[in-house]
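Numbered from 1 within each chain, the chains take letters A, B, ... in sequence-line order. Quick caveat, the model's predicted, so the values are computed rather than measured. In what follows, every heavy atom counts, from backbone to side chain, and hydrogens, waters and symmetry copies are set aside.
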Amino acid sequence: MTKLQPHSSFIPPMSSPIRAPTWVSTRRQLELKVSELHKCSNLPHLKQIHAQIFKANLHDDPFVAPKLVSAFSLCHQLRIAINVFNQVQFPNVHLYNSLIRAHTQNSQQSQAFTTFLDMLKNGVFPDNFTYPFLLKACIGTCSLEMVQMIHTHMIKLGFFADIFVPNSLIDSYCKCGVIGVSSARKLFMVMEDRDVVSWNSMVSGLIKGGLLEEARQMFDEMPERDVVSWNTMLDGYVKARDMNSAFHLFEKMPGRNVVSWSTMVSGYTKAGDLDMARLLFDKMPVKNLVSWTIMISGYAEKGFIKEAICLYNEMENSGLELDDGTIISILAACAESGLLALGKRVRSSMVAAGFRCSTAVTNALIDMYAKCGCVEKALAVFQGMSERDLVSWNTIIQGLAMHGDGLTALKLFYRMKQAGFEPDKITFIGILCACTHMGYVDRGVGYFYSMERDYYIVPQIEHYGCLIDLLGRGGRLKEALEVVQNMPMEPNAVIWGTLLGACRLHYPEELAQEVLKHLVKMNPAEAGNLSMLSNIFAAAGDWANVANVRRAMKNIGVQKPSGTSTLDLDGEVHEFTVFDSSHPNSEDIYQMIHLLRPQLKKPGYAPRLT
DNA sequence: GTAGGGTTAG
């Protein structure tokens with residue numbers, strides 16, 4: 001007989017999760033459904049159960065309502081979750097907790113805090129679940145001060161007996177940068193009872209703070225290690241690109257699981273060792289969706305299109321059902337390396353499977369089309385979207401700007417505002433880029449100054465970079481230099497490089513020399529800078545200085561890596577560099593170039609040789 | 001509460 005577990009007076013446990021939607025007739029059956037409700041991710045089914053709950057007058061039951069809120073939150077139906085909450089006259093702490101979490105899950109962090117304040121105002125006392133949920137709302141949006149405030153509150157009310165509470169505090173501190181990590185360490189030191197999660201959170205925090213050595217020390221000191229401890233340490237080495245140490249640890253590791261193997265595969269793909277990655281991938285005792293995703297994206301990111309497509313087909317044939325993460329990952333990898341063929345392949349299988357595209361998936365698709373040169377397709381996908389978010393607008397604006405259709409990009413900027421979206425710092429990168437490509441210098445400068453004035457966005461160094469590029473390409477080098485000299489932050493190598501790029505277009509020799517002094521000081525071995533400088537001198541006919549720079553390059557022992565072009569032809573990628581003769585059809589290719597050259601000159605093509 | 005893939009810029 002199945003052993004019954006202790007449970008609430010109302011809901012018995014259930015062994016299997018909710019599956020196909022079926023009409024439940026008895027109250028007993030409904031109770032069974034409700035007990036698993038918080039795991040339900042099927043929206044139509046959820047709505048059906050909601051209706052039955054309502055009919056049975058259980059919607060304000062103190063046990064049912066929090067589960068409903070959690071379920072609707074999981075299905076990204078925050079509106080409905082809030083409505084469910086509002087149906088309850090006297091919400092208890094569980095219901096408040098689930099609404100706080102619902103807001104965080106649906107990216108409404110500030111509303112999570114508002115809910116917490118409402119809760120206090122209404123005299124409902126927080127419990128040991130409230131704080132971990134509230135701390136989650138701090139991640140990514142709030143500062144250290146916020147976590148400190150919650151910490152203080154927790155001390156006042158005293159929930160530290162539950163190990164979940166200090167553990168989640170350690171984690172939150174660690175996600176607030178290096179200072180946060182030291183606060184976490186202080187807390188960790190004074191904790192009386194630490195469990196393996198406390199140790200793991202601390203090791204993970206040290207790794208995130210870049211303190212790999214100290215993390216290893218703590219890992220070695222741990223009284224007990226579980227599979228998460230090992231995997232955390234493994235990932236630390238992987239993220240630091242130290243594959244030797246990672247492999248060493250991996251070999252020693254007891255009880256490796258699918259995450260351990262995937263971490264290693266991911267590490268080797270990122271290090272560019274696709275052979276080793278594939279070797280481990282093939283040896284994996286168990287593969288899941290994430291492992292496949294890592295290997296396929298790894299191939300795609302590095303331009304191994306045949307292998308990527310082949311493995312993608314294999315994954316589909318193995319019967320695994322793709323999720324958002326898989327599709328977004330692969331599309332992002334295609335976008336990065338311009339693998340349109342795989343991107344198209346992914347899309348066609350999405351269509352064939354009737355995959356319901358979330359906004360994030362569609363955004364990734366738009367970005368893939370745009371970065372692979374199909375701006376029209378990107379625009380068509382964007383226009384067909386039923387629900388757009390800020391990322392959708394930013395992606396299409398950036399895509400259009402990159403391809404020189406700055407006019408459409410700027411038009412969409414206005415439409416975006418009409419649709420009620422507030423531009424953010426990324427939007428302005430796209431807008432400034434659009435103006436640069438169109439040569440709208442004054443208009444771009446106007447947008448730059450409107451950022452802080454009209455939108456309360458303080459320009460960052462990237463925005464200054466865009467402004468310098470805008471002025472520089474527009475030939476207003478003096479103003480560009482003034483921006484560099486007067487901007488509120490120290491100019492970095494990218495800023496000076498941008499200015500140098502402008503010099504390359506307009507040949508002001510003196511300025512170029514000035515810029516270069518800064519650049520060489522910052523990054524003396526950067527061959528690209530030196531070779532660009534030598535080109536500027538060459539264009540000005542200053543051969544003595546050309547020789548000086550060349551000599552400097554030789555002395556430092558740098559050589560500018562050749563630029564390459566890649567072509568994707570019927571799913572096969574061909575790579576070319578200048579004076580390259582490694583391609584099997586090299587002779588034919590050069591013959592064709594000779595044939596094409598005079599024809600290209602006719603409409604006015606003049607290759608730039610400097 | 002701790003571990004592997006995940007959309008926009010740089």
If you check the A:I328 side chain, which of B:dT2, B:dG6, B:dG4 turns out closest? B:dG6

Closest to the A:V259 side chain, choosing from B:dA3, B:dT2, B:dG5: B:dA3

Any A:E224 side-chain heavy atom under 4.5 Å of A:W199 side chain: no

Side chain of A:S262, base of B:dG4: donor and acceptor closer than 3.5 Å? yes

Does any donor-acceptor pair link the side chain of A:D226 with the base of B:dA3 at a separation under 3.5 Å? no

With the side chain counted from C-beta on, respond yes when A:N128 and A:F164 share a heavy-atom pair under 4.5 Å apart, and no when they do not. no

B:dG6 base / A:D323 side chain donor-acceptor hit below 3.5 Å: no

Across the strands shown, which category fits A:S297 at heavy-atom distances under 4.0 angstrom: base, sugar-phosphate, nothing? nothing

Closest to the A:I294 side chain: B:dG10, B:dG4, B:dA3? B:dG4

Among B:dT7, B:dG6, B:dT2, the nucleotide that comes nearest once only the side chain of A:A364 is considered: B:dT7

Please evaluate residues A:K186 and A:Y173 with respect to the criterion side-chain contact (heavy atoms from CB on, under 4.5 Å), reporting the C-alpha separation (whole Å), side-chain torsions for both, the decisive distance (0.1 Å), and the verdict. CA-CA 11 Å; A:K186 276 185 209 146; A:Y173 268 129; over 6 Å; no

Check whether any side-chain nitrogen or oxygen of A:K239 sits under 4.0 Å from OP1 or OP2 of B:dA3, and answer yes or no. no

Any N or O donor-acceptor pair linking the side chain of A:N288 to the base of B:dG4 at under 3.5 Å? yes

Using the ring of A:F188 (Phe, Tyr or Trp, six-membered ring only), decide whether A:R194 places NZ or CZ under 6.0 Å from its centre and within 45 degrees of its axis. yes

Side-chain N or O of A:K136 versus OP1/OP2 of B:dT2: is the shortest distance under 4.0 Å? yes

Would you mind reading off the distance between A:M368 atom CE and B:dG6 atom C1', rounded to a whole angstrom? 15 Å

Would you mind classifying the nucleic acid contact of A:D367 as base, sugar-phosphate or nothing, using non-hydrogen atoms under 4.0 angstrom? sugar-phosphate

Where the side chain of A:K270 is concerned, which of B:dG5, B:dG4, B:dT2 is the nearest nucleotide? B:dG5

Base, sugar-phosphate, or nothing: which does A:V258 touch, judged by heavy atoms less than 4.0 Å apart? base

Check every strand shown and say whether A:K287 touches a base, only sugar-phosphate, or nothing at a heavy-atom separation below 4.0 Å. nothing

A:L400 has an atom CG; how far is it from atom C1' of B:dA9, in whole Å? 16 Å

Salt bridge between A:R256 and A:E251, side-chain N to carboxylate O under 4.0 Å? no

Nearest to the side chain of A:Q398, which nucleotide is it out of B:dT7, B:dA3, B:dA9? B:dA9

Kindly indicate whether the side chain of A:F281, heavy atoms from C-beta on, has any atom under 4.5 Å from the side chain of A:K287. yes

Return the nearest nucleotide to the side chain of A:N394; candidates are B:dA3, B:dG6, B:dT8. B:dT8

Under 4.0 Å, heavy atoms only, any strand: does A:T293 hit a base, just the sugar-phosphate, or nothing? base

Please work out if A:D424 contacts a base, only the sugar-phosphate, or nothing of the nucleic acid, heavy-atom cut-off 4.0 Å. nothing

Between B:dG5, B:dG6, B:dA3, which nucleotide gets closest to the side-chain atoms of A:K208? B:dA3

